[in-house]
Amino acid sequence: MRYISGRGNLACTIFVPWDCNNNCPFCTSKPMYKEMKERFNLEEIINKIYTLNHNHIIREYVLTGGEPLSNLENLKRIVDAMEKVVYINTTLPKMDNIDEVIEYINNEPKIGGINISRHLNYQFDSPTSTDDKLMSITKPIRINTVLPKKLDVAKLFKFINQYGSEQRLINLREDYRYIDTTTLKDRNETDDLLANYFDYVGTNTCMVCNSEFFQAPNCLVCYHRGLQYSSYQLKDKCYINDILITPNGKIYQDWDFTKENEEFIKWILN
């Protein structure tokens, strides 16, 4: 098998070795955290980062979870090991040390941006920080929201006005559970709705995702659809669109996490 980078900004997504307190129905990683709870391995993750720092194909890291910000001490250890820019996926939870966390985000040069989840029709089990805390972050912010099946237009525009700004992109994400190869790139009602109210900017896609951009009065809006896998095989070629490190420090080429592929790991590590 020949492995090929499927996009120019190939990322390594790292699942932090501690869980979150939410049970979002659309979360694709919660089952993995429950299954691996006794095998979390921070040291192995850090060792993998030291190795991957020298891989020129990987352009950036993404920290996800779990809740990366809920353990600041270990988060710092992970980021300290990195020699590439890192983006952090978070709910920005309500914590006693939230001011210290935000100060770290604002002043750590390796952190390129923060992806913060806020949802239209869903409340997290664990409380999130107030909007004034969110808006005190000086790094670029992407606000992620998973779209409900039935979209309330008035609620959507209120959400965009509440969170959008020049420093904050609004990312409207379709539920991965309902996207397949036949619906990935099809124009739909959400496309038409956004194009009717905002100026269409363009698209930025790879083999496993489809992102379209619209210019709202106060911010850029992204409508994102993605498949529940990151590699795409054509005959003897496998296009890699993301590299995954699970909470136990193992490397996988896709989101099923069913088996380690030694040939793929050799390609990545070398």
Side-chain angles (χ1 to χ4, degrees), residues 1-20 27-29 32-33 36 39-69 71 74-90 105 108-115 117 139-140 142 144 171 176 204-209 211 224 226-233 238-270:
M1 182 66 63
R2 180 185 175 193
Y3 294 97
I4 301 169
S5 176
R7 58 192 179 99
N9 61 331
L10 183 65
C12 175
T13 295
I14 300 169
F15 294 85
V16 296
W18 56 89
D19 202 356
C20 72
C27 181
T28 57
S29 58
M32 175 185 63
Y33 274 88
M36 291 185 180
R39 295 181 284 123
F40 291 167
N41 194 329
L42 176 62
E43 300 304 326
E44 187 58 33
I45 289 174
I46 290 174
N47 288 337
K48 288 293 194 308
I49 291 170
Y50 282 134
T51 301
L52 295 178
N53 281 337
H54 305 291
N55 187 324
H56 70 279
I57 296 176
I58 300 170
R59 299 298 178 87
E60 59 192 43
Y61 292 113
V62 176
L63 284 179
T64 192
E67 176 45 67
L69 300 185
N71 190 326
N74 284 342
L75 173 66
K76 289 180 177 180
R77 288 192 62 197
I78 291 174
V79 175
D80 284 347
M82 294 173 171
E83 295 178 8
K84 307 175 192 284
V85 65
V86 58
Y87 297 89
I88 299 175
N89 296 337
T90 178
I105 292 170
E108 172 51 63
K110 295 178 186 177
I111 298 176
I114 306 293
N115 306 317
S117 294
K139 294 292 178 73
R142 183 175 70 179
N144 289 320
N171 188 52
Y176 289 143
N204 182 13
T205 70
C206 68
M207 290 178 170
V208 297
C209 68
S211 295
H224 175 79
L227 301 174
Q228 288 193 71
Y229 52 83
S230 59
S231 61
Y232 196 91
Q233 188 168 331
C238 186
Y239 295 87
I240 304 297
N241 297 284
D242 199 2
I243 295 156
L244 308 165
I245 298 181
T246 50
N248 58 2
K250 292 186 177 180
I251 297 178
Y252 291 88
Q253 76 175 61
D254 223 320
W255 293 78
D256 54 7
F257 307 121
T258 53
K259 63 179 181 179
E260 291 183 276
N261 184 330
E262 293 184 4
E263 185 181 7
F264 167 76
I265 293 173
K266 183 179 180 180
W267 175 71
I268 289 299
L269 297 184
N270 290 339

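FYI, the numbering just counts along the sequence from 1.
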Distance check, rounded to the nearest 0.5 Å: Asn71 atom CG versus Asp19 atom CG?
12.5 Å
Interatomic distance, OG1@Thr13 vs CD1@Ile243, rounded to 0.5 Å, equals 9.0 Å
Compare all side-chain heavy atoms of Pro247 with those of Met32 and state whether any distance is below 4.5 angstrom.
yes
Could you give me the CA-CA distance, side-chain angles and deciding distance for Cys238 and Arg2, then say whether side-chain contact (heavy atoms from CB on, under 4.5 Å) is met?
CA-CA 6 Å; Cys238 186; Arg2 180 185 175 193; over 6 Å; no
Residues Lys110 and Glu60 bridged, charged N to O under 4.0 Å:
no
Do Lys250 and Met36 have side chains that approach each other closer than 4.5 Å (heavy atoms only, starting at C-beta)?
no
In terms of heavy-atom contacts, Ala81 and Ile46 come closest through CB-CG2, 3.9 Å
Does a donor on one side chain sit under 3.5 Å from an acceptor on the other, for Gln228 and Thr28?
no
Does a side-chain heavy-atom distance below 4.5 Å link Leu269 with Asn55?
no
Taking NZ, NE, NH1 and NH2 as the nitrogens, is one of them in Lys266 or Glu262 under 4.0 Å from a carboxylate oxygen of the other?
no
Would you say Lys48's side chain and Ile245's backbone share a donor-acceptor pair under 3.5 angstrom?
no
Are any non-hydrogen side-chain atoms of Asn115 and Thr90 less than 4.5 angstrom apart?
no
Close side-chain approach of Phe40 to Val16, heavy-atom, < 4.5 Å:
no
Check whether the side chains of Asn53 and Tyr61 place a donor and an acceptor atom closer than 3.5 Å, and report yes or no.
yes
Rounded to the nearest 0.5 Å, what's the gap from CZ on Phe15 to OG1 on Thr246? Could you check?
8.0 Å
Stepwise ring-ring contact (aromatic ring centres under 6.0 Å, His included) test for Tyr232 and Tyr239:
CA-CA 5 Å; Tyr232 196 91; Tyr239 295 87; 7.5 Å; no
Minimum heavy-atom separation for Gln233 to Met1, with atom names?
NE2-CE, 3.0 Å
Between Asp242 and Leu244, is a side-chain contact (heavy atoms from CB on, under 4.5 Å) present by the stated rule, with each step listed?
CA-CA 6 Å; Asp242 199 2; Leu244 308 165; 3.7 Å; yes
Are any side-chain N or O atoms of Ser29 and backbone N or O atoms of Gly65, one a donor and one an acceptor, separated by less than 3.5 Å?
yes
Please indicate whether Tyr229 has more than 12 foreign heavy atoms, meaning atoms of other residues, nucleotides or ligands, lying under 6.0 Å from its OH.
yes
At what distance, to the nearest 0.5 angstrom, does CD of Glu67 lie from CG of Asn89?
9.5 Å
Can you find a side-chain donor-acceptor pair between Tyr3 and Asn261 that sits under 3.5 Å?
yes
Would you name the heavy atoms of Asn171 and His224 that are closest together and state the gap between them?
OD1-CB, 3.6 Å
If I compare all heavy atoms of Ile45 with all of Ile14, which pair ends up nearest, and what's the gap?
CG2-CG2, 3.7 Å
Can you tell me how far apart NE2 (His56) and OG (Ser5) are? Round to the nearest 0.5 Å.
9.0 Å
Can Arg142 and Asn144 be counted as having a side-chain donor-acceptor contact under 3.5 angstrom?
yes
Worked check of side-chain contact (heavy atoms from CB on, under 4.5 Å) between Ile265 and Tyr252
CA-CA 8 Å; Ile265 293 173; Tyr252 291 88; over 6 Å; no
Check: Asp254/Ser231 side-chain N/O donor and acceptor closer than 3.5 Å:
yes
Does a donor on one side chain and an acceptor on the other come within less than 3.5 Å for Asn241 and Ser230?
no
Evaluate the side-chain hydrogen bond (donor to acceptor under 3.5 Å, both in side chains) criterion for residues Ser211 and Asn204: first the C-alpha distance (whole Å), next the side-chain angles of each, then the deciding distance (0.1 Å), finally the verdict.
CA-CA 5 Å; Ser211 295; Asn204 182 13; over 6 Å; no
Should Arg77 and Leu42 count as side-chain neighbours, where that means a heavy-atom distance under 4.5 Å?
yes
Taking it one step at a time, do Val79 and Leu63 satisfy side-chain contact (heavy atoms from CB on, under 4.5 Å)?
CA-CA 9 Å; Val79 175; Leu63 284 179; 4.2 Å; yes
Just wondering, do Ile105 and Ile114 contact through their side chains at under 4.5 Å, heavy atoms?
yes
Given side chains that start at C-beta, do those of Trp18 and Asn74 come closer than 4.5 Å, heavy atoms only?
yes
Rounded to the nearest 0.5 angstrom, the CD1-CG distance for Ile240 and Leu10 is 8.0 Å
